[in-house]
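If you read the sequence from its start, that first residue is 1, and numbering goes on from there. Predicted model, so just to flag it, every value in this text is computed and none were measured.
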Amino acid sequence: FCTGQAVIATTGTAVQLAANALTKKVVLHAPLINHQEITIGSSSALTDTVDGTGDGLILNAGASVEIEITDTSLIWINGHINDIVSFIGS
């Protein structure tokens with residue numbers, strides 16, 4: 001299995017997770033210390049819009065989501081500067 005974290009470097013700019021090959025799934029978690037929601041998607045064009053017109057899954061602080069995927073680098077996150085997502089996958 002693998003574990004890691006990704007941080008939003010600039011508000012509104014999507015960040016790609018580091019590459020980790022998976023055979024099953026990954027769980028992404030947004031810690032309670034985050035300032036606002038994180039959006040999760042599959043493209044560098046992912047926005048941090050959370051008004052119903054955005055293009056990503058909205059992950060609130062303290063929430064987690066499980067995704068069946070073959071590599072963590074297929075996941076992009078966006079949000080507020082210095083907010084993070086941690087993950088564990090296998």
Side-chain angles (χ1 to χ4, degrees):
F1 72 94
C2 66
T3 60
Q5 298 179 6
V7 63
I8 304 296
T10 304
T11 299
T13 301
V15 174
Q16 185 178 27
L17 269 61
N20 293 280
L22 303 170
T23 58
K24 296 180 183 175
K25 59 189 169 191
V26 65
V27 176
L28 302 171
H29 176 72
L32 286 172
I33 61 170
N34 281 356
H35 295 95
Q36 66 183 39
E37 304 89 349
I38 295 283
T39 54
I40 300 171
S42 60
S43 165
S44 62
L46 175 70
T47 67
D48 64 344
T49 304
V50 293
D51 64 2
T53 65
D55 57 354
L57 171 74
I58 299 168
L59 190 63
N60 291 317
S64 298
V65 64
E66 182 178 296
I67 302 172
E68 291 185 14
I69 200 162
T70 58
D71 198 297
T72 53
S73 67
L74 299 172
I75 300 171
W76 291 76
I77 63 170
N78 205 334
H80 187 271
I81 189 169
N82 294 326
D83 282 354
I84 64 171
V85 168
S86 60
F87 63 88
I88 185 168
S90 62

Could you go through residues 6-19 and list every donor-acceptor pair under 3.5 Å that involves a side-chain atom there, pairing it with any protein atom two or more places apart or in another chain?
unit_1, atom_1, unit_2, atom_2, d
Thr11, OG1, Ile81, N, 2.8
Gln16, NE2, Ser73, O, 2.7

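- Note: Phe87 CZ to Ile69 CD1 = 11.0 Å, rounded to the nearest 0.5 Å.
- Sorted by first and then second residue, the ring pair (Phe, Tyr, Trp, His ring centres under 6.0 Å) pairs involving residues 6-27 (not counting sequence neighbours) form an empty list.
- For residues 11-20, no residue pair satisfies the salt bridge (charged side-chain N to carboxylate O under 4.0 Å, His left out) rule, not counting sequence neighbours.
- Sorted by first and then second residue, the salt bridge (charged side-chain N to carboxylate O under 4.0 Å, His left out) pairs with a member in residues 40-55 form an empty list; sequence neighbours excluded.
- Under the 4.5 Å side-chain heavy-atom criterion for Ile, Leu, Val, Met, Phe, Trp and Tyr, Ile75 and Ile58 are members of distinct hydrophobic clusters.
- Put simply, Val50 and Val65 are part of two different groups of oily side chains (I, L, V, M, F, W, Y) that touch within less than 4.5 Å, one to the next.
- Within the hydrophobic cluster formed by Ile, Leu, Val, Met, Phe, Trp and Tyr side chains joined at under 4.5 Å, directly or through other members, Ile88 is accompanied by Phe1, Val27.
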Report the C-alpha separation of Thr3 and Ser86 in whole Å, then their side-chain angles, then the decisive distance to 0.1 Å, and conclude whether the side-chain contact (heavy atoms from CB on, under 4.5 Å) test is met.
CA-CA 8 Å; Thr3 60; Ser86 60; over 6 Å; no
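- In terms of the side-chain contact (heavy atoms from CB on, under 4.5 Å) criterion, residue partners of Thr70 (sequence neighbours excluded) are, by chain and number, Leu74.
- Lys24 meets the salt bridge (charged side-chain N to carboxylate O under 4.0 Å, His left out) test with no other residue; sequence neighbours excluded.
- Applying the side-chain hydrogen bond (donor to acceptor under 3.5 Å, both in side chains) test to Asn20 and every residue at least two apart in sequence or in another chain returns Thr72.
- Hydrophobic cluster of Leu46: the remaining members, joined at side-chain heavy-atom separations below 4.5 Å, are Trp76, listed by chain and number.
- Distance alone, capped at 3.5 Å, is enough to place a donor-acceptor pair between the His29 side chain and the Ala63 backbone.
- Counting only residues at least two apart or in different chains, salt bridge (charged side-chain N to carboxylate O under 4.0 Å, His left out) contacts with residues 62-72 comprise Lys25-Glu66.
- Under the rule for a side-chain contact (heavy atoms from CB on, under 4.5 Å), Thr23 has no partner lying at least two apart in sequence or in another chain.
- With values rounded to the nearest 0.5 angstrom, Ile67 atom CD1 is found 4.5 Å from Leu28 atom CG.
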Run the side-chain donor-acceptor check on residues 31-41: report pairs under 3.5 Å with partners two or more places apart or on a different chain.
unit_1, atom_1, unit_2, atom_2, d
Asn34, OD1, Ile84, N, 3.0
Asn34, ND2, Ile84, O, 2.8
His35, ND1, Asp83, OD1, 3.0
Thr39, OG1, Thr47, O, 2.7
Thr39, OG1, Asn78, O, 3.4

